Every structure is written in C-alpha cells, then in structure tokens.
Amino acid sequence: MSEMDPTVRAVEAVLFASPEPMSVDSIRAHVGVGKGASDIRTALETLEAEYRGRGIALVRRGDRWHFQTAPDLAHLLRRDREEARRLSRAGIETLAIIAYHEPVSRAEIEAIRGVAISKGTLDVLMEAGWVRPAGRREVPGRPLIYATTPAFLQHFGLTSRRDLPGIEDLRAAGLLDPVDLALERMEEEEEREGAADRGEGD
C-alpha cells in the first residue's frame, strides 16, 4: 500500500474531527501555512474518490465539505421516534418560497403565498437553522430579506440550490397540490376537446 499524501491525511483528519461542514478556507487554516486553496481542493477530490462506495462518504454541501453515512446505509442508524416538532403547512410553504426565490422579504413571501405569515413561522425556520436573515432590501423601508443556510442543504441532502426539484419532478413525486393538478388536467382536456372540434370542422 503506497504512502498517502500528507496533505490528504491532514485534510481527512480535520474533517473527521469537525462537528460541522467546513469550507476550503477553514480547512486550510487548520492544515497550516504553505498549503494553497488548490492543494486543499485536490486533497478533497482525492478523498471524495477514495471514500466513494464505502460506508462513509465525503460530500459537498454548498461550499462546505463533511463526512456522512452513505445514503443507502442511513436506515441502519435511524431510530423510530416521534419528531419533537413538525413543520406546519405554512412553515413548509414559506421554506419552499425562500429556497426557490431567495433572498426574499416577508412581504414578497406573503405575495407569493397569497396570505399573511406569522412572525413565528420565520422564527421556527431560523431556530431549525434552515433560514437566516440575509441583509436588507435597498428599497423604501429597507425590509429584512431571508435566505437558506448550509444546514438547509445538509439536512435535505442538496449540494446546492440548483439541486432543488423542478416542477416536473414535483409532479412526478405527487407533491403538487391536488387542486392545482385537477385544474391543470381540466385545462388540458379542454384544449384537447377544442382541438378535436376544430379538426372535425375542417
């Protein structure tokens, strides 16, 4: 067995000991002087390849890296227990709007949902560590705007927001509102019937 590169070993040790995902810069700060960002990225790519297919995987969430149990083995560590807190429908909708449209203000969230949201809804999402204040919109009143966090990506197993499912994915998974789907089917049927009628009249 060939000797492992010292930088790769150092990066592996730092990530293994870290309680949370780490960025390239934070890993570099631990590994020491003389190592450039490119050295750290090369080491991460090496480790990612070496751990592929094993019980533990090295994964990237946004711009941060961490070790986690291989997805197909997660069931071995899962315990049957009731969640202490479940998100309300308002919470789920608010989180989805922030994830797909961030950064967004409270007023923009309410405009998309069509109803007002309570301050408690955003508080719950921030307490969960999935949403954070992201500054203020440079418009009159300078409203606070919100965005998702690296913890959001980690919890939902996303590398970046680009991995969020699209409308076709949601439809295939049966996650769209049944009322919306029913209306959409009605419109499609009306279009087909109209096309058929026009064809008969030619």
Side-chain angles (χ1 to χ4, degrees), residues 1-89 91-96 98-100 102 124-132 134 146-176:
M1 180 176 178
S2 59
E3 186 176 347
M4 185 180 287
D5 183 287
T7 302
V8 174
R9 292 186 67 231
V11 170
E12 181 181 34
V14 168
L15 283 171
F16 182 80
S18 176
E20 56 189 28
M22 300 181 71
S23 66
V24 169
D25 288 339
S26 58
I27 295 171
R28 183 183 173 194
H30 283 279
V31 169
V33 181
K35 301 298 179 186
S38 60
D39 296 322
I40 304 302
R41 291 193 183 92
T42 299
L44 288 167
E45 290 170 1
T46 299
L47 288 169
E48 184 181 25
E50 289 183 356
Y51 276 91
R52 191 173 295 128
R54 295 172 61 176
I56 296 172
L58 178 62
V59 297
R60 180 171 62 88
R61 300 293 181 227
D63 63 347
R64 297 171 185 271
W65 295 78
H66 74 120
F67 283 113
Q68 71 172 32
T69 303
D72 62 318
L73 298 178
H75 67 281
L76 299 177
L77 306 179
R78 188 175 296 124
R79 297 185 179 184
D80 293 328
R81 62 183 178 85
E82 198 66 32
E83 289 294 328
R85 173 180 286 178
R86 297 179 68 86
L87 275 183
S88 64
R89 176 167 180 149
I92 294 171
E93 291 175 355
T94 301
L95 179 60
I98 294 172
Y100 280 95
E102 67 179 69
V124 167
L125 295 176
M126 287 191 285
E127 285 171 12
W130 295 343
V131 169
R132 62 179 174 82
Y146 300 91
T148 54
T149 66
F152 166 80
L153 297 176
Q154 181 182 354
H155 182 84
F156 290 98
L158 304 171
T159 299
S160 73
R161 286 176 53 243
R162 289 191 299 273
D163 295 329
L164 286 168
I167 190 71
E168 292 302 325
D169 300 317
L170 295 174
R171 181 183 290 109
L175 296 177
L176 291 183

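These numbers come from a predicted model, not from an experiment. Counting from 1, the numbers follow the sequence of the chain as shown. Computed over heavy atoms, backbone and side chain alike; hydrogens, waters and symmetry mates excluded.
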Taking all non-hydrogen atoms of both residues, which atom of Ala151 and which atom of Gly129 are closest, and how far apart?
-> CB-O, 3.3 Å
Taking every non-hydrogen atom, the tightest pair across Tyr146 and Ile98 = O-CG2, 3.9 Å
From CA spacing to verdict: side-chain contact (heavy atoms from CB on, under 4.5 Å), Ile27, Leu44 = CA-CA 10 Å; Ile27 295 171; Leu44 288 167; 4.1 Å; yes
Is there side-chain contact between Thr159 and Arg61, with heavy atoms separated by less than 4.5 Å?
-> yes
Thr94: side-chain hydrogen bond (donor to acceptor under 3.5 Å, both in side chains) partners, not counting sequence neighbours | none
Please check if the side chain of Arg60 supplies one atom and the backbone of Gly62 the other of a donor-acceptor pair under 3.5 Å.
-> yes
Mind checking whether Asp63 and Val24 have side chains closer than 4.5 Å, heavy atoms only?
-> no
Considering only heavy atoms from C-beta outward, does the side chain of Ile56 approach that of Gln68 to under 4.5 Å?
-> no
Show your reasoning for whether side-chain contact (heavy atoms from CB on, under 4.5 Å) applies to Phe152 and Leu125.
-> CA-CA 10 Å; Phe152 166 80; Leu125 295 176; over 6 Å; no
Check: Arg132 main-chain N/O paired with Thr149 side-chain donor or acceptor under 3.5 Å | no
Taking every non-hydrogen atom, the tightest pair across Ala43 and Val11 = CB-CG2, 3.9 Å
Determine the minimum heavy-atom distance between Glu102 and Ala147, stating which atoms define it.
-> OE2-CB, 3.6 Å
Kindly write out the residues that satisfy side-chain hydrogen bond (donor to acceptor under 3.5 Å, both in side chains) with Glu45, not counting sequence neighbours, or none if the list is empty.
-> none
Side chains of Trp65 and Leu58 in contact at under 4.5 Å (non-hydrogen atoms) = yes
Is any side-chain heavy atom of Thr148 less than 4.5 Å from a side-chain heavy atom of Leu153?
-> no
Result block: side-chain N/O donor-acceptor pairs under 3.5 angstrom for residues 12-23, not counting sequence neighbours:
residue : atom : partner : partner atom : Å
Glu12   : OE2  : Tyr51   : OH           : 2.3
Ser18   : OG   : Glu20   : N            : 3.3
Ser18   : OG   : Glu20   : O            : 2.5
Ser23   : OG   : Ser26   : N            : 3.2
Ser23   : OG   : Ser26   : OG           : 3.2

